[in-house]
Amino acid sequence: MASHMLAVTIGLLLDRLIGDPPNWPHPVRWIGTLISKLTKLLNKGSYRKVKGLLLVLIIVGLSFSIALVLVFTAYSVHIVLGIAVESILIASGLAQKSLKVAAMEVHKPLIEGDLDTARLKLSWIVGRDTEGLGEGEITRGVVETVSENISDGVTAPLFFAFLFGAPGLWAYKAINTLDSMVGYKNEIFKDFGYVAAKLDDIANYIPSRLTGLAIMLGGRKETSLPFKHRMTRWLIDAKKHPSPNSGYLEAATAYQLGIQLGGRNTYKGIVSNRALMGSKEVSLSARHILGAISHLHTAVLLFWFGMTVIGGLILVVT
């Protein structure tokens, strides 16, 4: 247990300091490639929900099993090797640094007044159309993306790493990747991706709420609204989001920074109106990207601290 908790901590530090070297092979790419191949094979004909379930079982099972074999073998050789291998596996499944870098890639041209470059860099991290967006809407795109991905990219993987080690983290990453590739409610994927989407909602249920709470309790605050009011409105606004989990992150960021998120987006020219969250005390500007990144670091630190304390208490009791 102690060696496992140490591996989680080292993995988190490695991700914070080094991140994902761009030219290194990444397991998520391998998972994505396998999902694509199996989707072409299975997503046709009848019984698509059953076939979607089969896809989930194969991808999650393989991801968990491969990580388990690697970790078990390494610990069998020596505890130091086991910690090292598990730390690397955990670090490669986290996205704290890459999320910050992606946000800053938009922030830099935005503060320099280069809106064309800012729109281009934003298009790399969001699905919405970015043509013609001004500073406020560009900022909103970045802040919403950073906020909702604190859980998907960092705290949810950490949650499963604390519970089940690197194999648990990679089972979660497989679920999350499945959802991002087949969890759509369109004609092509509504049945085939049903299990993947529901499983992702379940996997993120606890981490998203704990992460939102961490932002509300310790995140950078730029609002005059009293804490009780913010907490009440956070819980109300979070339920407005079409995702059962993302709203708890976006609403927390909105209330802590005194801004309003949600509103009109377009996807390939099709308008989508999202519910508004937060209280518009100030207009969105580039500095709020820094506020969202601050929330990222604070929420991850508080999440890690809380899980470590719980793990330490379990060690003491047992």
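Using a 4.5 Å heavy-atom threshold, the side chains of M307 and L158 count as separate. No side-chain heavy atom of L169 sits less than 4.5 Å from a side-chain heavy atom of L89. At a threshold of 4.5 Å between non-hydrogen side-chain atoms, the residues H295 and Q256 count as touching. A heavy-atom distance below 4.5 Å is not found between the side chains of Y172 and F164. Residues Y205 and P244 fail the side-chain proximity criterion, which asks for heavy atoms closer than 4.5 Å. Contact check for S285 versus E135: side-chain heavy atoms found under the 4.5 Å cut-off. With contacts defined as side-chain heavy-atom distances shorter than 4.5 Å, the pair F162/W304 qualifies. The closest side-chain heavy-atom distance from E281 to S224 is below 4.5 Å.
Applying the side chain to side chain contact (heavy atoms under 4.5 Å, CB included) criterion to V69, with sequence neighbours excluded, gives T73.
Across every non-hydrogen atom of S63 and A174, the tightest pair is OG-CB, 3.4 Å. The two atoms that bring P157 and K173 nearest to each other are CG-CD, 4.2 Å, heavy atoms only. The minimum heavy-atom distance between L178 and A196, with the atom names listed, is CB-CB, 4.0 Å. Closest heavy-atom contact between A238 and A251: N-CB, 4.0 Å. Minimum interatomic distance between D15 and A95 (heavy atoms only, all atoms of both residues): OD2-N, 3.7 Å. Of all heavy-atom pairs between Y267 and S272, the closest is CE1-CB, 3.8 Å.
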Assess the residue pair R209 and N245 against the criterion (side-chain contact (heavy atoms from CB on, under 4.5 Å)); give the C-alpha distance rounded to whole Å, side-chain angles, the decisive distance to 0.1 Å, and a yes or no. CA-CA 7 Å; R209 285 154 178 78; N245 299 312; 2.8 Å; yes
For N265 and R140: C-alpha separation, side-chain torsions, deciding distance, then whether side-chain hydrogen bond (donor to acceptor under 3.5 Å, both in side chains) applies. CA-CA 10 Å; N265 297 328; R140 180 166 73 86; 2.7 Å; yes
Passes side-chain contact (heavy atoms from CB on, under 4.5 Å), S279 versus R233? Steps please. CA-CA 9 Å; S279 178; R233 294 304 309 176; over 6 Å; no
Derivation and outcome, side-chain contact (heavy atoms from CB on, under 4.5 Å), residues L94 and V300: CA-CA 11 Å; L94 302 175; V300 170; over 6 Å; no
V182/T39 under side-chain contact (heavy atoms from CB on, under 4.5 Å): CA gap, chis, key distance, verdict: CA-CA 8 Å; V182 303; T39 297; 3.7 Å; yes
Check the pair T155 / T211 against side-chain hydrogen bond (donor to acceptor under 3.5 Å, both in side chains), numbers first and verdict last. CA-CA 7 Å; T155 56; T211 305; 2.7 Å; yes
Residue pair T130, S123: steps toward the side-chain hydrogen bond (donor to acceptor under 3.5 Å, both in side chains) verdict: CA-CA 6 Å; T130 61; S123 71; 4.6 Å; no
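By the 6.0 Å contact criterion, NZ on K240 is enclosed, its count of non-hydrogen atoms from other residues, nucleotides or ligands being greater than 12. Other residues, nucleotides and ligands place no more than 12 heavy atoms under 6.0 Å from the CD1 atom of I270. Other residues, nucleotides and ligands place no more than 12 heavy atoms under 6.0 Å from the OH atom of Y47. Sparse packing is recorded around CD1 of I188, with 12 or fewer heavy atoms of other residues, nucleotides or ligands lying under 6.0 Å away. Sparse packing is recorded around CD1 of I206, with 12 or fewer heavy atoms of other residues, nucleotides or ligands lying under 6.0 Å away.
Between the CZ atom of R287 and the CD1 atom of I111 there is a distance of 13.5 Å, given to the nearest 0.5 Å. Rounding to the nearest 0.5 Å places CD1 of I59 at 12.5 Å from CH2 of W170. Atom CD1 of I83 sits about 9.5 Å away from atom NE2 of H78, to the nearest 0.5 Å. Here the CG atom belonging to L290 is positioned 10.0 Å from the CG atom belonging to L257, to the nearest 0.5 angstrom. Atom CG of L301 is separated from atom CZ of R16 by 8.5 Å, given to the nearest 0.5 angstrom. Atom CZ of residue R274 and atom OG of residue S246 lie 8.0 Å apart, to the nearest 0.5 angstrom.
Linking Ile, Leu, Val, Met, Phe, Trp and Tyr whenever their side-chain heavy atoms come within less than 4.5 Å puts L62 and V28 in one cluster. A continuous path of ILVMFWY side-chain contacts below 4.5 Å connects L163 to V154, so both sit in one hydrophobic cluster. Note on Y184: it clusters hydrophobically with L42, by side-chain heavy-atom contacts below 4.5 Å among ILVMFWY residues. Under the 4.5 Å side-chain heavy-atom criterion for ILVMFWY residues, a single connected hydrophobic cluster contains both L57 and L199. One hydrophobic cluster holds both I31 and F189 under the rule that ILVMFWY side chains link at heavy-atom gaps under 4.5 Å.
Between the W234 side chain and the Y248 main chain, a donor and an acceptor come within less than 3.5 Å of each other. In this structure, S180 contributes its side chain and T177 its backbone to a donor-acceptor pair below 3.5 Å. At least one donor-acceptor pair closer than 3.5 Å links the side chain of H26 to the backbone N or O of S92. A distance-only check finds a donor-acceptor pair linking the side chain of K239 to the backbone of L235 [under 3.5 Å]. The backbone N or O of D200 lies less than 3.5 Å from no partner atom in the side chain of D179, so there is not a single donor-acceptor pair. The backbone N or O of D152 lies less than 3.5 Å from no partner atom in the side chain of N149, so there is not a single donor-acceptor pair. In this structure, the side chain of K51 engages the main chain of S46 through a donor-acceptor pair within 3.5 Å.
With respect to the salt-bridge test (charged N to carboxylate O, under 4.0 angstrom), the residues E105 and K108 do not qualify. Using a 4.0 Å cut-off between a side-chain N of Lys or Arg and a carboxylate O of Asp or Glu, E144 and R128 qualify as a salt bridge.
With L122 as the fixed residue, the side chain to side chain contact (heavy atoms under 4.5 Å, CB included) test singles out one of L133, L110, T139: L133.
At least one cation-pi condition fails for R48 and F192: the charged atom is not both under 6.0 angstrom from the six-membered ring centre and inside a 45 degree cone around its axis.
The aromatic rings of Y255 and H229 stand perpendicular to each other, their planes meeting at an angle above 60°, with 30° marking the opposite boundary.
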